[in-house]
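I have placed the structure first, in the form of structure tokens, so that the comments after it can refer back to it.
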Protein chains: 2
Amino acid sequence: MITFIGDYTVRLDSKGRLSFPAAFKKQSREAVQDGFVLKRDLFENCLIMYPMEEWERQNKIIRSRTNPYNKEHARFLRMFFSGTAEVSLDANNRMLVPKRLMEYAGISDEVVLAGQSGKIEIWASDQYGRVSTADDDFAAMAEKILGGSIDEQDR
Amino acid sequence: MITFIGDYTVRLDSKGRLSFPAAFKKQSREAVQDGFVLKRDLFENCLIMYPMEEWERQNKIIRSRTNPYNKEHARFLRMFFSGTAEVSLDANNRMLVPKRLMEYAGISDEVVLAGQSGKIEIWASDQYGRVSTADDDFAAMAEKILGGSIDEQDR
DNA sequence: TAAGTTATGAACAAAGTGGGAAAAAGTGGG
DNA sequence: CCCACTTTTTCCCACTTTGTTCATAACTTA
């Protein structure tokens with residue numbers, strides 16, 4: 001599995017292209033060849049970028065947990081798969097983000113690409129500052145998620 | 001697991017590079033090859049430097065305890081992974097600290113690298129002086145954290 | 001003092017940024 | 001339904017900035 005590390009601020013040029021940081025390119029190795037999938041995030045006003053390989057993995061997970069003949073599931077699947085686009089990098093490591101997705105994420109000229117294990121989040125930079133800094137909730141969340149029962153060897 | 005011991009003051013050169021103390025290099029052995037991950041500390045104005053191996057270990061723990069399709073978990077993951085960067089040492093044992101991280105830690109020309117078992121803390125030297133000198137709280141904290149219930153075999 | 005290590009600066013390579021022009025896709029009128 | 005026209009996308013090339021490597025000088029340490 002590809003794991004992306006780091007967050008980078010890049011600005012869109014006049015044509016709405018954004019250049020993909022070299023660090024991410026190195027981290028994705030040959031997988032850049034297969035392209036990426038861009039998608040609206042389920043919860044927040046941002047976009048998620050999956051390498052094709054990871055997208056397929058996530059797909060399997062979703063499919064294994066849903067039944068398309070169930071009406072509610074069908075609605076969920078429709079929502080889940082709406083707002084996706086396949087993108088690829090040009091010779092200068094840039095990609096063109098479709099307009100409707102840019103609008104969804106409120107992206108105009110400066111964006112943050114934030115690596116998060118298998119995927120990359122894409123935020124309008126002003127919004128990212130707000131959501132990414134640890135607030136009072138964080139300590140509580142951390143304790144709830146990680147606290148309590150860490151095994152001895154994991155410390 | 002790699003254990004770092006000691007704290008060292010180094011100054012940045014004109015390009016913002018800092019030379020990694022030889023002692024730490026010895027302590028990290030072959031792990032230097034794999035590079036390091038730099039990260040903002042969640043609560044203090046400093047940076048944390050993990051050998052890749054240690055970073056992956058932490059990652060595994062986090063991933064195994066979170067589900068990115070859970071809204072609260074997703075927020076936690078975002079905060080946890082924000083402000084990271086992958087760095088490596090050049091042929092002269094120097095590393096380039098990304099600007100945004102330097103700004104975060106208030107680093108301009110002199111920093112302290114402080115070993116702390118699996119990781120290294122990086123502080124602007126003027127700030128480190130303030131936090132590292134034992135104040136009155138320290139004894140009390142020590143007692144509160146360590147004093148109570150240490151198991152027999154840990155003494 | 002010699003060998004190794006650390007610091008500094010210059011030269012080079014790579015990444016980021018911007019724009020021109022060709023190709024493709026979309027739009028409207030006859 | 002086809003043709004001209006506009007808009008969007010893609011492919012190049014050039015320039016600026018940033019990061020990396022290399023060479024040399026200064027310093028430690030045995």
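Taking the ring axis of A/F80 as reference, the NZ or CZ atom of A/K39 stays within 45° of it and closer than 6.0 Å to the ring centre.
In this model, no side-chain donor or acceptor of B/R94 finds a partner on the base of D/dG19 within 3.5 Å. At a cut-off of 3.5 angstrom, the base of C/dT5 holds no donor-acceptor pair with the side chain of B/K25. Between the side chain of A/N92 and the base of D/dT10 there is no donor-acceptor pair of N/O atoms closer than 3.5 Å. For B/K15 against D/dT20, a side-chain-to-base donor-acceptor contact under 3.5 Å is present.
The closest side-chain donor-acceptor pair between B/E53 and B/W55, if any, does not fall under 3.5 angstrom. For the residue pair A/S82 and A/R40, a side-chain donor N or O sits within less than 3.5 Å of a side-chain acceptor on the partner.
One interatomic measurement links the two molecules: CZ of B/F24 to P of C/dT6, which rounds to 13 Å at whole-angstrom precision. The separation between A/R11 atom CZ and D/dT18 atom P is 13 Å, rounded to whole Å. Rounding to whole angstrom units, CD of residue B/E86 and P of D/dG19 are separated by 15 Å.
No engagement by A/Y8 is indicated, since no non-hydrogen atom pair under 4.0 Å with the nucleic acid exists. A/A22 comes within 4.0 angstrom of sugar-phosphate atoms only, judged by non-hydrogen atoms across all strands, and of no base.
Within a 6.0 Å radius of CZ in A/R100, other residues, nucleotides and ligands contribute more than 12 heavy atoms.
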